[in-house]
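Notes follow the structure.
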Amino acid sequence: LPSSIKFLNPKSEKTAIGLLSGTSVDGIDAILLKIKNCGTETKVKILDFKTFPIPKTLKASILLNSNNSSAKIVNICELNVYLAKMFANAALNICKKNKIKTEKVDFIGSHGQTIHHLPDKSKSRWKVKSTLQIGDPSVISNLTGITTVGDFRIADCTFDGDGAPLVPFLDYILFRSKTNNRGLLNIGGIANITILPKGCSKDEVFAFDTGPGNMLIDSLVKILFNKNFDKNAKIALSGKLNFELFSILQQDYYFKSKPPKSTGRELYGEKFVKEILRFVKRIPKEDIIYTLTEFTAFTIYYNIKKFVPAKIKLNELIVSGGGSCNPLIMKLLQEYLPDVKVKKFNFNGITAESKEAVLFAILANECLCGNPTNMKNVTGSKKDTILGKICLAYN
Ligand SMILES: Nc1ncnc2c1ncn2[C@@H]1O[C@H](COP(=O)(O)OP(=O)(O)O)[C@@H](O)[C@H]1O
Ligand SMILES: [Mg+2]
């Protein structure tokens, strides 16, 4: 056996790296950590976290090639390798920064970059659910010399699962509580929530994508203000709610539909943005950003009210992802949910920004230990399965 799989013993302490680029395409998140055990026994110790910016032209190309009408197979083919190089560099860089030799890193877990996510089987020509992440893990393992586990979502699609969201597994193994009914909300490009009833078992966890996170705000801020995002909600806070736009946004069907459900740029991308742009002539630009920010908070509130059973009275909502840095989203969430304590995520060195990167290191650990990590009542999958593909490094 290659020496690279010596660490399959779950009990030993492993050094690992988690890599991720989310639907916001804002940067590559890399986390360096120690992992011991697996499943509910998992212990992690964070060593470092860093976000590597994605250059503007690369981001533009990823977005273009995530969109069915502008994507080109040549570009996707190349990006699959080029992005993997970027991911590999992020891993090498975080090792160097921490003076850790790559030989000492047991494995990398890499999510890749989602360029398409098609969970709606009824709309599929071939009646399948599918999802596509690029940034090939075997390129990462070859460039780093570190065994890399990647492509975590697709196995779940085999059995009619959405392949998303995946973060509830992490929420369950690391953040469940004996005393509180906890909601864990991640506001990335898309927002997703995990409900952990106090003392829950794995099967009692439920979770779904609530709707847009920062995606609509980011798109409109780019078009109207030529900025990448609304830093600290500065633009939104200089505007106000526009009721006409708000009521039109509420006609969106996804956020009102019943879980299990997941979504992505296919829904809240170009087409949706075009609809909003029709209002630009009549509504101050700042009001559009305010209204979109409130819409994000509203969809989250709506999903909690409608789909969290009344008997599970939420005590706390713990928010992670870039959206937790948006003070207006946080304020509105607290106003919409006066009985729930809304707070920013921070557990043992895992921060609101780094949480998702931890997930992919954890999923890699579980894959290498042979444990299933998809959650059937979250993704809708008919079977338990091991998520991830293992690419061994050859040194
Ligand atoms: N200080 C901030 N103020 C407002 N929004 C922020 C701030 N920091 C990050 N964000 C938002 O978070 C987004 C990135 O969130 P992230 O969790 O990385 O999403 P993804 O997982 O989709 O990459 C940014 O595009 C931006 O919209
Ligand atoms: Mg990101």
Side-chain angles (χ1 to χ4, degrees), residues 18-31 49-56 58-60 62-63 66 83 86-87 90 110-115 117 131 133 135 152-153 164-167 170 184-194 209-239 262-269 273 286 289-290 292-297 300 318-333 344-346 350-360:
L19 298 173
L20 156 79
S21 173
T23 42
S24 299
V25 202
D26 56 320
I28 294 173
D29 297 333
I31 195 139
F49 171 71
K50 196 174 166 188
T51 300
F52 298 84
I54 292 182
K56 258 192 201 156
L58 180 58
K59 175 174 173 173
I62 293 168
L63 293 182
S66 301
L83 269 176
M86 302 277 295
F87 284 119
S110 176
H111 171 261
Q113 172 71 57
T114 295
I115 58 164
H117 182 62
T131 185
Q133 285 73 46
F152 293 98
R153 298 190 186 273
L166 298 181
V167 83
L170 180 78
L184 283 121
L185 174 69
N186 188 75
I187 311 178
I190 294 295
N192 60 270
I193 193 166
T194 304
D209 288 348
T210 55
N214 304 297
M215 191 177 280
L216 293 173
I217 306 171
D218 282 1
S219 302
L220 272 293
V221 162
K222 183 79 203 169
I223 296 169
L224 301 177
F225 296 89
N226 197 25
K227 292 204 161 94
N228 284 331
F229 65 101
D230 184 13
K231 192 160 188 198
N232 303 330
K234 208 171 156 219
I235 299 170
L237 286 167
S238 66
S262 68
T263 188
R265 205 168 277 288
E266 299 68 32
L267 222 64
Y268 296 109
V273 168
E286 293 77 10
I289 305 304
Y290 186 103
L292 287 173
T293 309
E294 175 134 7
F295 180 60
T296 291
I300 294 163
I318 306 174
V319 191
S320 60
S324 67
C325 302
N326 183 313
L328 181 57
I329 296 183
M330 293 299 277
K331 174 176 165 272
L332 290 168
L333 281 174
K344 196 168 164 167
F345 179 95
N346 198 332
I350 307 175
T351 63
E353 293 75 24
S354 68
K355 185 184 164 196
E356 274 213 280
V358 175
L359 166 68
F360 294 102

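Counting starts at 1 for both ligands and their atoms, in listed order. Side chains are part of it too, since the values below use all heavy atoms of this structure and drop only hydrogens, waters and symmetry mates.
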Okay, side chain of [X], backbone of [Y]: is any donor-acceptor separation there less than 3.5 Å?
X    : Y    : answer
S320 : F345 : no
T293 : I329 : no
D29  : S354 : no
E356 : G321 : no

Show me the short polar-atom pairs for ligand 1: any N or O of it lying under 3.5 Å from a protein N or O, with distances only.
| from | atom 1 | to | atom 2 | distance (Å) |
| --- | --- | --- | --- | --- |
| ligand 1 | 1 (N) | N232 | OD1 | 3.0 |
| ligand 1 | 3 (N) | N232 | N | 2.8 |
| ligand 1 | 3 (N) | C325 | O | 3.3 |
| ligand 1 | 10 (N) | G322 | O | 3.3 |
| ligand 1 | 12 (O) | N214 | ND2 | 3.3 |
| ligand 1 | 15 (O) | G322 | N | 3.4 |
| ligand 1 | 17 (O) | G322 | N | 2.8 |
| ligand 1 | 18 (O) | D26 | OD1 | 3.4 |
| ligand 1 | 18 (O) | D26 | OD2 | 3.1 |
| ligand 1 | 19 (O) | S24 | OG | 3.1 |
| ligand 1 | 22 (O) | T23 | N | 3.2 |
| ligand 1 | 22 (O) | T23 | OG1 | 3.3 |
| ligand 1 | 22 (O) | S24 | N | 2.8 |
| ligand 1 | 22 (O) | S24 | OG | 2.8 |
| ligand 1 | 22 (O) | G189 | N | 2.8 |
| ligand 1 | 23 (O) | D26 | OD1 | 2.9 |
| ligand 1 | 25 (O) | D218 | OD2 | 2.6 |
| ligand 1 | 27 (O) | D218 | OD1 | 2.6 |
| ligand 1 | 27 (O) | D218 | OD2 | 3.2 |

Q) What protein atoms of element N, O or S are positioned under 2.8 Å from the Mg ion (ligand 2)? A) D26 OD1
(Q) Counting C-beta onward and ignoring hydrogens, is there a side-chain heavy-atom pair between I289 and L220 closer than 4.5 Å? (A) yes
Q | Test item: I187 and N326 side chains (from C-beta on) under 4.5 Å apart, heavy atoms | A | no
Q.
Quiz question: by atom type and distance under 3.5 Å, do the side chains of Q113 and S21 form a donor-acceptor pair?
A. yes
Q. Do H111 and R153 get their side chains close enough for a donor-acceptor pair, meaning under 3.5 Å?
A. yes
Q: Considering non-hydrogen atoms only, spot the tightest contact between A357 and L20 and give its length.
A: N-CD2, 3.9 Å
